[in-house]
Engineer: 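The structure follows.
Residue numbers start from 1 in every chain, and the chains themselves are labelled A, B, ... in the order their sequence lines are given, proteins ahead of strands.
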There are 2 protein chains.
Amino acid sequence: MNGEMEGRAAGEPPVMPLEKLTQPAILLLLAQNKAHGYELIQKLNQMEFTDGDLDTATVYRILRRMEQEGLLASNWEHGEFGPARRQYRLTGEGLNSLDEWARTLQARLRQIETFLTLYRHIKKGPLQNGQG
Amino acid sequence: MNGEMEGRAAGEPPVMPLEKLTQPAILLLLAQNKAHGYELIQKLNQMEFTDGDLDTATVYRILRRMEQEGLLASNWEHGEFGPARRQYRLTGEGLNSLDEWARTLQARLRQIETFLTLYRHIKKGPLQNGQG
DNA sequence: TATATCTATATGCAGCGTGCAGATAGGAAA
DNA sequence: TTTCCTATCTGCACGCTGCATATAGATATA
């Protein structure tokens with residue numbers, strides 16, 4: 001999930017498979033301004049929510065999915081320049097989802113804090129397992 | 001990825017597909033004491049890392065995977081009572097992985113804090129999108 | 001004119017991880 | 001004998017992701 005290495009050799013430390021917060025980040029961006037997919041991808045890549053660059057195909061699929069779920073609505077924009085683009089905006093349901101994400105991530109924050117507290121605790125004391 | 005509800009009706013608020021922190025939690029538990037799978041599952045279900053009860057099959061598969069990756073080692077324990085059970089313990093690599101998880105989750109903590117700060121900010125001001 | 005590049009969106013495919021259901025098996029209680 | 005608890009594992013289907021690729025308008029370059 002981080003993309004630093006492509007073919008991990010046996011014995012190499014595996015990457016931490018933490019998912020990206022793409023969906024809540026999209027909701028957050030669209031709560032401020034409506035935007036099209038390409039624009040969102042650029043903004044997402046500038047934000048700290050993602051470790052590396054996002055796969056564009058994945059983002060477009062997330063957008064379609066979110067629209068199917070009723071969180072977003074879209075309409076085609078045939079501008080004067082460039083190809084047509086899908087303008088996404090948040091729905092009321094999407095705004096609710098953003099609120100729910102905030103609560104979920106607040107809870108996750110506490111979970112991680114608990115984890116890190118326990119981690120630091122066992123790091124101070126001696127380890128019980130006999131690995132060598 | 002969500003699994004909390006079976007057939008979400010259209011229009012229902014979708015669940016937040018945040019993955020569980022099962023793997024780092026296992027590393028944390030095994031850094032303190034070696035244990036077998038069933039025991040770990042019970043402990044994990046008591047911890048705050050998981051929202052609901054974990055699927056036992058999933059946990060056993062995670063354990064096998066982590067052993068294949070070299071993070072854990074195991075041996076069969078033929079005790080006097082009950083069926084034989086696999087005793088898992090942390091390897092040196094597993095301990096490194098735990099450290100890496102701590103760093104990853106520390107970074108994730110900051111990401112979530114950034115998200116929540118932005119969220120509260122837009123909640124205070126007027127929304128720019130014209131949904132409703 | 002032909003080619004390459006940037007913008008913009010989308011599909012096909014393989015692979016991984018999960019959850020649910022169920023199999024297996026020892027041992028204890030009814 | 002049946003049931004239940006402990007303990008581990010497999011099969012299957014589904015969903016999500018990343019990579020490669022297709023499409024297409026528009027603009028720059030040779």
Side-chain angles (χ1 to χ4, degrees), chain A residues 1-8 14-26 34-45 49-69 72 74-88, chain B residues 1-8 14-26 34-45 49-69 72 74-88:
Chain A
M1 286 263 173
N2 60 29
E4 272 102 324
M5 42 189 76
E6 36 266 291
R8 208 166 66 244
V15 286
M16 312 288 97
L18 251 195
E19 93 272 277
K20 299 168 180 173
L21 300 178
T22 311
Q23 208 178 322
I26 288 172
K34 58 183 190 294
H36 55 275
Y38 199 81
E39 191 183 348
L40 286 169
I41 291 168
Q42 291 177 321
K43 286 185 181 175
L44 288 169
N45 283 335
F49 295 123
T50 56
D51 307 303
D53 278 5
L54 295 171
D55 177 56
T56 62
T58 304
V59 178
Y60 283 117
R61 254 180 314 214
I62 289 175
L63 288 169
R64 304 300 298 271
R65 191 196 313 149
M66 290 170 74
E67 187 176 14
Q68 277 193 339
E69 288 172 344
L72 310 181
S74 76
N75 60 293
W76 281 102
E77 248 207 359
H78 298 275
E80 320 160 36
F81 309 110
R85 51 204 200 177
R86 227 183 247 274
Q87 195 75 238
Y88 281 100
Chain B
M1 276 278 188
N2 59 44
E4 271 98 327
M5 40 187 78
E6 34 271 289
R8 208 166 64 244
V15 285
M16 313 289 95
L18 250 195
E19 94 271 278
K20 300 168 180 172
L21 300 178
T22 311
Q23 207 178 326
I26 288 172
K34 58 183 190 291
H36 56 273
Y38 200 82
E39 192 183 348
L40 286 169
I41 290 168
Q42 291 176 321
K43 286 185 181 176
L44 288 169
N45 283 334
F49 296 123
T50 56
D51 307 302
D53 277 6
L54 295 172
D55 176 57
T56 63
T58 303
V59 177
Y60 283 118
R61 254 181 315 216
I62 288 174
L63 288 170
R64 303 302 297 272
R65 190 196 313 148
M66 290 170 75
E67 187 176 14
Q68 277 193 338
E69 289 172 341
L72 311 180
S74 76
N75 59 294
W76 282 102
E77 248 207 359
H78 299 275
E80 320 160 35
F81 309 110
R85 50 202 199 178
R86 226 184 250 274
Q87 195 76 238
Y88 282 100

Engineer: Let me know the distance between CD of Glu77(A) and P of dA24(D), rounded to the nearest Å.
Structural biologist: 21 Å

Engineer: Could you state the atom-to-atom distance from OH of Tyr38(A) to P of dT9(C) in whole Å?
Structural biologist: 9 Å

Engineer: Give, for atom NZ of Lys34(A) and atom CD of Glu77(A), the distance between the pair rounded to the nearest 0.5 Å.
Structural biologist: 7.5 Å

Engineer: Quick one, which residues of residues 58-67 of chain B touch DNA chain C with a heavy atom under 4.0 Å?
Structural biologist: Thr58(B), Arg61(B), Ile62(B), Arg65(B)

Engineer: Nearest whole angstrom, please: distance from the C1' of dA20(D) to the CG of Asp55(A).
Structural biologist: 10 Å

Engineer: How does DNA chain C look in dot-bracket form if you count Watson-Crick and G-U pairs under 3.5 Å, write [ ] for pairs that cross, and put | where a base pairs with another strand?
Structural biologist: ||||||||||||||||||||||||||||||

Engineer: Please give, in whole Å, the distance from dG25(D) C1' to Arg86(A) CZ?
Structural biologist: 17 Å

Engineer: State the OG1-CG distance between Thr56(B) and Leu44(B), to the nearest 0.5 angstrom.
Structural biologist: 12.0 Å

Engineer: Could you give the CG-to-P distance, from Leu54(B) to dG17(C), as a whole number of Å?
Structural biologist: 16 Å

Engineer: From Asp55(B) CG over to Lys20(B) NZ, what is the distance, rounded to the nearest 0.5 angstrom?
Structural biologist: 8.0 Å

Engineer: With Arg86(B), which residues qualify under salt bridge (charged side-chain N to carboxylate O under 4.0 Å, His left out), at least two apart?
Structural biologist: none

Engineer: Please identify which of these residues, Leu72(B), Ile26(B), Asn75(B), meets the side chain to side chain contact (heavy atoms under 4.5 Å, CB included) condition with Tyr88(B).
Structural biologist: Leu72(B)

Engineer: Heavy-atom count around Gln68(B) CD within 6.0 Å, excluding the residue itself: above 12?
Structural biologist: no

Engineer: Find out whether Gln23(B) and Arg65(B) are in side-chain contact, i.e. whether some heavy atom of one side chain is under 4.5 Å from a heavy atom of the other.
Structural biologist: yes

Engineer: Nearest whole angstrom, please: distance from the P of dC9(D) to the CG of Leu40(B).
Structural biologist: 12 Å

Engineer: Who are the side-chain contact (heavy atoms from CB on, under 4.5 Å) partners of Glu39(A), not counting sequence neighbours?
Structural biologist: Ala35(A), His36(A), Lys43(A)

Engineer: Side-chain N or O of His36(B) less than 4.0 angstrom from OP1 or OP2 on dA7(D)?
Structural biologist: yes

Engineer: Quick check: does any side chain N or O of Asn45(A) sit under 3.5 Å from a backbone N or O of Leu54(A), one acting as donor and the other as acceptor?
Structural biologist: yes

Engineer: Could you pull out all residues at least two apart from Glu67(B) that satisfy salt bridge (charged side-chain N to carboxylate O under 4.0 Å, His left out)?
Structural biologist: none

Engineer: Using a cut-off of 4.0 Å between protein heavy atoms and nucleotide atoms, how would you tag nucleotides 24-30 of chain C 5' to 3' with B, S and -?
Structural biologist: --BSS--

Engineer: Can you measure His78(A) atom NE2 to dA8(C) atom P for me and round it to whole angstrom units?
Structural biologist: 14 Å

Engineer: Give, for atom CG of Leu40(B) and atom OH of Tyr60(B), the distance between the pair rounded to the nearest 0.5 Å.
Structural biologist: 9.0 Å

Engineer: Could you tell me how far apart Ile41(B) (CD1) and dA7(D) (P) are, to the nearest whole angstrom?
Structural biologist: 10 Å

Engineer: Of Trp76(B) and Ala57(A), whose nearest nucleotide on DNA chain D comes first from the 5' end?
Structural biologist: Trp76(B)

Engineer: What's the closest nucleotide to the side chain of Arg85(A) if the choices are dT9(C), dG19(C), dC9(D)?
Structural biologist: dT9(C)

